A.B. asks: 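Let me begin by handing over the structure; questions about it come next.
Owing to the predicted nature of the structure, the values given are computational and were not obtained by experimental measurement. Excluded from the calculations below are hydrogen atoms, water molecules and symmetry mates; all remaining heavy atoms, backbone and side chain alike, are included. Here is how names work: the chains are called A, B, and so on, in the same order as the sequence lines, proteins then strands, and each is numbered from 1.
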There are 2 protein chains.
Amino acid sequence: MDTTQRTDQQRSADRRRRELLEAADRVVLRDGPQASMNAIAAEAGITKPILYRHFGDKGGLYAALAKRHTDALLDSLRAALDAPAERRERVESTLDTYLAAIEARPQVYRFLMHPAEGGTGGDQGFDVGKHSAPLLRRMGEELAQVIEERVDVGPESQQLARVWGHGIVGMMHAAGDWWLGERPCSRAELVRSLADLLWGRLAAAGDRMGGPGF
Amino acid sequence: MDTTQRTDQQRSADRRRRELLEAADRVVLRDGPQASMNAIAAEAGITKPILYRHFGDKGGLYAALAKRHTDALLDSLRAALDAPAERRERVESTLDTYLAAIEARPQVYRFLMHPAEGGTGGDQGFDVGKHSAPLLRRMGEELAQVIEERVDVGPESQQLARVWGHGIVGMMHAAGDWWLGERPCSRAELVRSLADLLWGRLAAAGDRMGGPGF
DNA sequence: GTGCGATGTTACTTGCGGTAACAGGAGTCT
DNA sequence: AGACTCCTGTTACCGCAAGTAACATCGCAC
């Protein structure tokens with residue numbers, strides 16, 4: 001029955017949805033992550049209930065918005081990770097891609113890292129667990145997969161790869177966040193330093209002074 | 001003039017302040033980071049305005065609360081970092097201390113990682129920069145200092161130490177957060193895996209299949 | 001007693017997330 | 001044509017939390 005009509009409606013709704021997302025994007029870029037639903041609705045030229053009909057609640061809108069940027073960033077990262085180059089080069093290129101992204105659009109980056117924040121409703125199960133931003137988790141899993149596919153690390157490789165994936169992503173994120181705030185060096189230097197860390201330069205370095213235990 | 005009286009008042013105020021902080025602590029431990037000022041006041045047996053007189057605003061209270069836990073955790077970490085043992089052992093012990101702490105009190109941990117959240121007021125300068133939790137920053141700086149003091153890494157040691165400090169802290173944090181949610185392995189295994197990563201085991205591992213670039 | 005500062009309260013404002021309840025507009029069926 | 005049904009859009013509201021103003025009270029110096 002009238003599939004064409006339904007498709008038409010669907011397409012219209014999808015277009016609307018995209019328009020709304022773009023408006024939300026503009027507002028978030030301007031006001032930061034605490035952009036209000038009212039502001040977003042106003043920017044889109046409509047009123048709140050429409051937003052709620054499309055996205056359920058604020059979390060839904062934010063999730064949809066985050067998915068867009070996350071997907072885009074992950075695509076860039078995948079390209080750097082999968083490049084046919086030496087490992088060190090790939091690692092540095094991936095780090096640099098990430099850092100360039102957060103450098104270019106810090107607001108978007110901040111928005112992605114500050115997700116849910118919990119609803120106003122008194123319920124709020126407060127589920128211990130999934131704390132950090134979904135973006136970090138996805139990057140971690142993605143990297144874990146690449147590591148497991150491409151690196152031979154003996155038995156228990158899967159678990160090791162996941163630990164390393166999340167750990168490396170966290171390292172990248174924290175160092176990037178700090179760097180973005182203080183700008184103590186160029187991006188290239190930061191990339192080199194982090195890669196050096198992963199290459200065990202800390203472990204290999206000598207002690208500065210012979211402590212009692214040494 | 002009347003310094004004694006002033007001191008008395010000061011001490012009384014300080015005691016009150018500590019009591020309030022302990023009440024807030026209990027509530028945050030129960031309700032998570034979105035604990036309301038009303039709830040905290042009720043738990044302390046008083047009403048909101050008193051809280052505001054003592055701490056200014058919600059951010060002030062949260063900052064004071066965070067400082068306590070942060071200081072405590074940092075003390076533990078310092079002990080592990082400064083122990084007279086081999087470097088690998090110290091690193092593992094530090095990682096384990098941190099992970100044990102977040103494992104024991106996940107709510108506190110989560111509270112520490114989700115700071116300001118932005119005030120209700122429409123002002124909110126949205127300062128790009130200082131994004132991540134103060135705890136992470138402080139841990140990063142602390143670790144950087146220890147690295148610089150004890151590790152000989154050639155010239156530019158200061159900058160390198162800071163990058164590594166923040167990077168390692170981020171690695172620890174992200175991996176810990178993920179681990180806390182999924183519990184894919186024991187704490188000891190996680191510690192070993194992370195230390196292995198820092199010791200360059202990823203960089204040293206062989207490729208799984210000869211790709212075009214290899 | 002009288003003034004003064006700290007402690008405490010009730011009652012309010014503002015702003016946000018979220019939700020009725022209502023008001024057309026376009027196509028569809030009889 | 002008229003009734004029926006979606007979809008889109010609105011205004012007006014509820015509940016709740018942050019933050020504040022104005023008032024009450026106790027203890028203490030003078």
A.B. asks: Using rotation axes that map the C1' atoms of four end pairs onto the next four (five pairs an end), what angle separates the end axes of the helix from C:dG1-D:dC30 to C:dT30-D:dA1, to 10°?
C.D. replies: 30°

A.B. asks: Calculate the interatomic distance between A:L61 atom CG and C:dG18 atom C1'; express it in whole Å.
C.D. replies: 13 Å

A.B. asks: B:L202 and side chain to side chain contact (heavy atoms under 4.5 Å, CB included): which partner among A:L160, A:V91, A:V151?
C.D. replies: A:V151

A.B. asks: Could you tell me the separation between the CZ atom of B:F55 and the P atom of D:dA18, rounded to a whole number of Å?
C.D. replies: 15 Å

A.B. asks: Please work out which of the three classes, parallel, tilted or perpendicular, describes the rings of A:Y62 and A:F111, given edges at 30° and 60°.
C.D. replies: perpendicular

A.B. asks: Please determine, for the side chain of A:Y52, which listed nucleotide (C:dG17, D:dA18, D:dT10) has the closest atom?
C.D. replies: C:dG17

A.B. asks: For D:dA17, does either OP1 or OP2 sit under 4.0 Å from a side-chain N or O belonging to B:S36?
C.D. replies: no

A.B. asks: Would you say B:W179's side chain and B:C185's backbone share a donor-acceptor pair under 3.5 angstrom?
C.D. replies: yes

A.B. asks: Output the rounded distance in Å from CD1 (B:I50) to P (D:dA21).
C.D. replies: 17 Å

A.B. asks: Between C1' on D:dC7 and CZ on A:R15, what's the gap in Å once rounded to a whole number?
C.D. replies: 15 Å

A.B. asks: So, does B:R16 get its side chain near the phosphate of C:dG8, meaning an N or O under 4.0 Å from OP1 or OP2?
C.D. replies: yes

A.B. asks: When the distance from CZ of B:R53 to C1' of C:dT10 is rounded to whole Å, what number comes out?
C.D. replies: 13 Å

A.B. asks: Kindly say whether B:A66 contributes a backbone atom to a donor-acceptor pair with the side chain of B:T70 at under 3.5 angstrom?
C.D. replies: yes

A.B. asks: Taking atom P of D:dG19 as reference, at what distance in whole Å does atom OH of B:Y62 sit?
C.D. replies: 10 Å

A.B. asks: If only atom types and distance count, is the side chain of A:R87 paired as donor or acceptor with the main-chain N or O of B:A205 below 3.5 Å?
C.D. replies: yes

A.B. asks: Report the distance from atom CD1 of A:I40 to atom P of C:dC16, rounded to the nearest whole Å.
C.D. replies: 12 Å

A.B. asks: Roughly how many Å is it from CG in B:N38 to P in C:dT9, rounded to a whole number?
C.D. replies: 12 Å

A.B. asks: Does the B:Q159 side chain pair with the main chain of B:E156, one donor and one acceptor, at a distance under 3.5 Å?
C.D. replies: no

A.B. asks: Classify the side chain of B:K48 versus the base of D:dG19 as yes if they form a donor-acceptor pair under 3.5 Å and no if they do not.
C.D. replies: yes

A.B. asks: Donor-acceptor pair, distance only, cut-off 3.5 Å: does the side chain of A:R162 make one with the backbone of A:A144?
C.D. replies: no

A.B. asks: If the cut-off is 4.0 Å, is B:T47 near the phosphate of C:dT9, judged by side-chain N/O to OP1 or OP2?
C.D. replies: yes

A.B. asks: Checking contacts here: which listed nucleotide (C:dG18, D:dA18, C:dT19) is nearest the side-chain heavy atoms of A:K58?
C.D. replies: C:dG18

